[in-house]
Participant: 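Here you go, one structure.
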Amino acid sequence: MAYDRFVAICNPLLYMTIMKKTFCRQLVGFAYLGGYLNASIHTSYTFRLPFCRSNKIDHFYCDVPPLLKLSCTDTYANELVLLSSVALVSGISVVTIMTSYGYIIHIVLGIKSTEGRCKIFYTCSSHLTVVIMFYGTILFMYMRPSVQYFSEQDKVVAVFYTVVIPALNPLIYSWRNKDLQTAVKKIMRRRCIC
């Protein structure tokens, strides 16, 4: 989405030429391939571990850190792989997003009209909100030593980035829609009256 916004704002006349269906499919394909490779690495490292404790994971879903807690051997290599992959995947994503938004900000600052600048920032703010919420929780969850894992706190954070943020995406991205704003205002008025 950051690249899409970058092309739409920085090269609006070439948008249809650059963002063809084949290119969009390639971007999605690379994302799926990266996710598959990342999951395969974690799966292969996890299968190497012996598990001698209970087979009940104290978590809402089968995630790597709760699985590592069940192992009866040293999980340093797994933790290192987890930390490295999160740093690499998140790092590449965040750098790509921030680079594209850096170019967008550079272009926007060159726009003379305040109304034009506000419109572009308003367009990009929904994506940046979701990115900050998602990557903030991901970094909080995975970029710390295993000694600092608190099971209850991790459960809440995991629900936040796997359920809450994806559920909020349609609302955040469609907030500029006047019909949605009117509907939310009606709901809020009804709740205030009750």
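All residue numbers in this chain count up from 1 along the given sequence. Predicted model, so just to flag it, every value in this text is computed and none were measured.
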Participant: With sequence neighbours left out, write down each residue that passes side-chain hydrogen bond (donor to acceptor under 3.5 Å, both in side chains) with Ser84, or none if nothing qualifies.
Facilitator: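 side-chain hydrogen bond (donor to acceptor under 3.5 Å, both in side chains) list for Ser84, sorted by chain: empty.
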
Participant: Using the side chain to side chain contact (heavy atoms under 4.5 Å, CB included) criterion, which residues pair with Ser90? Sequence neighbours excluded.
Facilitator: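 Only Val86, Tyr135, Ile138, Leu139 meet the side chain to side chain contact (heavy atoms under 4.5 Å, CB included) criterion with Ser90.
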
Participant: Report the hydrophobic cluster partners of Phe30, with the cluster defined as I, L, V, M, F, W, Y residues connected by side-chain heavy atoms closer than 4.5 angstrom, directly or transitively.
Facilitator: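 Besides Phe30, the hydrophobic cluster comprises nothing; the residue is isolated.
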
Participant: Enumerate donor-acceptor pairs with a distance under 3.5 Å from any side-chain N or O in residues 95-102 to protein atoms, sequence neighbours excluded.
Facilitator:
from: Thr96; atom 1: OG1; to: Ile92; atom 2: O; distance (Å): 2.7
from: Thr99; atom 1: OG1; to: Val95; atom 2: O; distance (Å): 2.6
from: Ser100; atom 1: OG; to: Thr96; atom 2: O; distance (Å): 3.4
from: Ser100; atom 1: OG; to: Ile97; atom 2: O; distance (Å): 2.8
from: Tyr101; atom 1: OH; to: His127; atom 2: ND1; distance (Å): 2.7

Participant: Treat each ILVMFWY residue as a node, draw an edge where side-chain heavy atoms are under 4.5 Å apart, and state whether Val164 and Leu128 are in one component.
Facilitator: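 The answer is yes; both residues are in one hydrophobic cluster.
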
Participant: Do you reckon Val94 sits in the same ILVMFWY cluster as Ile105, going by side-chain contacts under 4.5 Å, direct or chained?
Facilitator: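 Same cluster: Val94 reaches Ile105 through Ile, Leu, Val, Met, Phe, Trp or Tyr contacts under 4.5 Å.
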
Participant: Could you report the tightest heavy-atom contact between Ser71 and Pro50, atom names first, then the distance?
Facilitator: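 Minimum heavy-atom separation between Ser71 and Pro50: OG-O, 3.2 Å.
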
Participant: For Ile132, enumerate each residue passing the side chain to side chain contact (heavy atoms under 4.5 Å, CB included) test, keeping only those at least two apart in sequence or located in another chain.
Facilitator: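 For Ile132, no residue satisfies side chain to side chain contact (heavy atoms under 4.5 Å, CB included) once neighbours in sequence are set aside.
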
Participant: Please find the pair of heavy atoms, one from Val157 and one from Phe140, that lie closest to each other, and give the distance.
Facilitator: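 Between these two residues, the closest heavy atoms are CG2-CE2, 3.4 Å.
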
Participant: Only counting residues at least two apart or in another chain, list the ones meeting side chain to side chain contact (heavy atoms under 4.5 Å, CB included) with Tyr76.
Facilitator: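 Applying side chain to side chain contact (heavy atoms under 4.5 Å, CB included) to Tyr76 gives Asp74, Leu80.
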
Participant: Does Val28 sit in a hydrophobic cluster with other residues, and if so which ones, taking ILVMFWY side chains as linked at heavy-atom separations under 4.5 Å, directly or through other members?
Facilitator: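 Tyr32, listed by chain and number.
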
Participant: Just list the side-chain donor-acceptor pairs under 3.5 Å for residues 1-23, sequence neighbours left out, or say none.
Facilitator:
from: Asp4; atom 1: OD1; to: Tyr15; atom 2: OH; distance (Å): 2.3
from: Arg5; atom 1: NH1; to: Thr123; atom 2: O; distance (Å): 3.0

Participant: In Å and rounded to the nearest 0.5 Å, what is the CD1 to OG1 distance from Ile165 to Thr137?
Facilitator: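 Those atoms lie 4.0 Å apart.
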
Participant: Taking only residues at least two apart or on different chains, which pairs with a member in residues 72-115 satisfy disulfide bond (SG atoms under 2.5 Å apart)?
Facilitator: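 Sorted pair list: Cys52-Cys72.
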
Participant: Do Leu82 and Tyr161 sit in the same hydrophobic cluster, where Ile, Leu, Val, Met, Phe, Trp and Tyr count as joined when their side-chain heavy atoms come under 4.5 Å apart?
Facilitator: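 Leu82 and Tyr161: one cluster.
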
Participant: I want to check something: taking the side chain as every heavy atom from C-beta on, are Leu168 and Thr129 in contact at a cut-off of under 4.5 Å?
Facilitator: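 Answer no - side chains too far apart.
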
Participant: Is it the case that one hydrophobic cluster holds both Ile104 and Ile111, taking links as side-chain heavy atoms less than 4.5 Å apart, direct or via other members?
Facilitator: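 Yes, Ile104 and Ile111 fall within the same hydrophobic cluster.
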
Participant: Within a radius of less than 6.0 Å around OH of Tyr103, do more than 12 heavy atoms belonging to other residues, nucleotides or ligands occur?
Facilitator: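 Count not over threshold, so no.
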
Participant: Any chance you could pull the hydrophobic cluster mates of Val81, using side-chain heavy atoms under 4.5 angstrom and chaining through other members?
Facilitator: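 Traced through the cluster, Val81 reaches Ile41, Tyr45.
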
Participant: State, with a plain yes or no, whether a side-chain heavy atom of Val64 is found less than 4.5 Å away from one of Leu68.
Facilitator: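 Yes, close enough: below the 4.5 Å cut-off.
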
Participant: Which residues satisfy the side-chain hydrogen bond (donor to acceptor under 3.5 Å, both in side chains) test with Asn78, sequence neighbours excluded?
Facilitator: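 For Asn78, no residue satisfies side-chain hydrogen bond (donor to acceptor under 3.5 Å, both in side chains) once neighbours in sequence are set aside.
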
Participant: Residues two or more places apart in sequence or in another chain: which of them pass side chain to side chain contact (heavy atoms under 4.5 Å, CB included) with Leu83?
Facilitator: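 With sequence neighbours excluded, Leu83 shows a side chain to side chain contact (heavy atoms under 4.5 Å, CB included) to Met143, given in chain and number order.
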
Participant: Treating Ile, Leu, Val, Met, Phe, Trp and Tyr as nodes and any side-chain heavy-atom pair under 4.5 angstrom as an edge, say whether Val131 and Leu88 lie in one connected cluster.
Facilitator: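 Val131 does not cluster with Leu88.
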
Participant: Kindly compute the distance separating CG (Leu109) from CZ (Arg117), expressed to the nearest 0.5 Å.
Facilitator: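 The CG atom of Leu109 sits 6.5 Å away from the CZ atom of Arg117.
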
